[in-house]
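Have a look at the structure below before the remarks.
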Protein chains: 2
Amino acid sequence: MLNDTQQSEGSLRRKRSRQREKVLDIVRSTKSHPTADWVFHEVRKELPNISLATVYRNLNLLAESGEISEVICDGQLRFDANKEEHFHFICKSCKGIFDIDEARVTPDFKLPRGYVVQDLRIDFYGICPACQTQRS
Amino acid sequence: MLNDTQQSEGSLRRKRSRQREKVLDIVRSTKSHPTADWVFHEVRKELPNISLATVYRNLNLLAESGEISEVICDGQLRFDANKEEHFHFICKSCKGIFDIDEARVTPDFKLPRGYVVQDLRIDFYGICPACQTQRS
DNA sequence: CTATGTGCAAAGTGTTTGCAAATTT
DNA sequence: AAATTTGCAAACACTTTGCACATAG
């Protein structure tokens, strides 16, 4: 997987690139939870030669480093640069994704008027007991 | 999309099929949140001629009718026949999906020992105000 | 008998990868 | 100079579709 000239401990030192910075700018510029393809087209307006592969690579790098996060909606991978802890309301009709501030999620939590909730999904991400044991 | 001989109001009357019943059995037989491909291989043990396309078609039909639900993990579509309201713990290391009973999610909620939570995602699914208005 | 379901193979979608050239440090 | 990043095209994994035949009601 890694060849001899690369550092074996997984952390390549990142170099900056115009492309990656632009990708981040674009994701930050919107609250629309864009797809990779949308980002590609937007970035292309300013960097006409950028390729879709580069956009994917950079979205993945940015997600890995925590600068943006991935959101799955309707089987589609989307990206989100909102660093505040927040939750999502996903409309089954228009497939829109709307942000819900964490601040509103309290014991007397109510969604804004007009949002009709049909399903709730709560996913915890972390390390399970078995993997925890293997690591220590 | 629909031709003249079909009912226009979208609700074809379903016929039962051995294949669909087996697919449902298999999904119900496990708590492992299987992928379509895993289901395919399991069903194949009993119906050696079933095709992957049929498995996909039936998983979609079953999800549509609410008999199973779809879970996305790490960009992979998975299926779940657990009809109890419940949440998921997704291990970032082994990618395992573990069920968390809703009953445990109370004001003094704690995850079982050993689960280390790094991220929390809460997604509400439903109809947004704009779509609500269009419908009424 | 008629509509729905199936198997197969082909097409589609979204994403990743190998490589030589370009860029960053 | 050395290592990372890019653009391109090809590969990939997963899912859907078109069609002729089979099956359920």
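Convention: sequence-line order gives letters A, B, ...; per-chain numbering from 1. Given the structure is predicted, the values throughout are model-derived calculations rather than measurements. FYI, side chains are in, hydrogens and waters are out, and symmetry mates aren't considered; it's all heavy atoms of this structure.
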Selection from dG7(D), dG5(C), dG25(D) that lies nearest to any side-chain heavy atom of Arg14(B): dG5(C)
Could you state the CZ-P distance from Arg16(B) to dG5(C), rounded to the nearest angstrom? 13 Å
Can you tell which of dT15(C), dT6(D), dT6(C) lies closest to the side chain of Thr54(B)? dT6(C)
Tell me the interatomic distance from Ile50(B), atom CD1, to dG5(C), atom C1', rounded to whole angstroms. 11 Å
Distance below 4.0 Å between Arg57(B) side-chain N/O and dT16(D) OP1 or OP2: no
Can you check whether Asn58(B) has a side-chain N or O nearer than 4.0 Å to OP1 or OP2 of dT6(C)? yes
May I have the distance from Glu70(A) (atom CD) to dT15(C) (atom C1'), rounded to whole angstrom? 12 Å
Side chain of Asn49(B) only, please: which of dT15(C), dT5(D), dG7(C) is the nearest? dG7(C)
Rounding to an integer number of Å, can you tell me how far Phe79(B) CZ sits from dC14(D) P? 13 Å
Send over the distance from Leu59(A) CG to dT16(C) C1', rounded to a whole Å. 13 Å
Aromatic plane relationship, His86(B) with His33(B) - under 30° parallel, 30 to 60° tilted, over 60° perpendicular: tilted
Nearest-neighbour nucleotide for the Ser17(A) side chain, dC8(D), dG7(D), dT5(D) considered: dT5(D)
Using whole Å, what does the distance between atom C1' of nucleotide dC8(C) and atom CG of Leu52(B) come to? 11 Å
For the pair made of CZ in Arg13(B) and C1' in dC1(C), what is the distance, rounded to whole Å? 13 Å
Please pick, from dT15(C), dC8(D), dA9(C), the nucleotide with the shortest atom-to-atom distance to any side-chain atom of Leu77(A). dT15(C)
Would you say Val23(B) and Leu77(B) are hydrophobically clustered, going by side-chain heavy atoms of ILVMFWY under 4.5 Å? yes
Can you identify which nucleotide, out of dC8(C), dT15(C), dC8(D), has its nearest atom closest to the Ala53(A) side chain? dC8(D)
Rounded to the nearest Å, what distance is computed from the CD atom of residue Glu21(B) to the C1' atom of nucleotide dT23(D)? 13 Å
Cluster overlap Ile50(A) with Leu52(A), hydrophobic side-chain contacts below 4.5 Å: yes
Check for me whether the distance between the ring centres of Tyr115(B) and Phe98(B) falls short of 6.0 Å. yes
Nearest to the Lys15(B) side chain among dG25(D), dT16(C), dT5(D), which nucleotide is it? dG25(D)
Counting only side-chain nitrogens and oxygens, does Asn60(B) get under 4.0 Å of the OP1 or OP2 atom of dT16(D)? yes
At less than 4.0 Å, is any side-chain N or O atom of Gln19(A) found next to OP1 or OP2 of dT23(C)? Yes or no. no
Below 4.0 angstrom from OP1 or OP2 of dT6(D), is there any side-chain N or O of Ser51(A)? no
Strictly below 4.0 Å, N to O, side chains only: are Glu46(A) and Lys22(A) in salt-bridge contact? yes
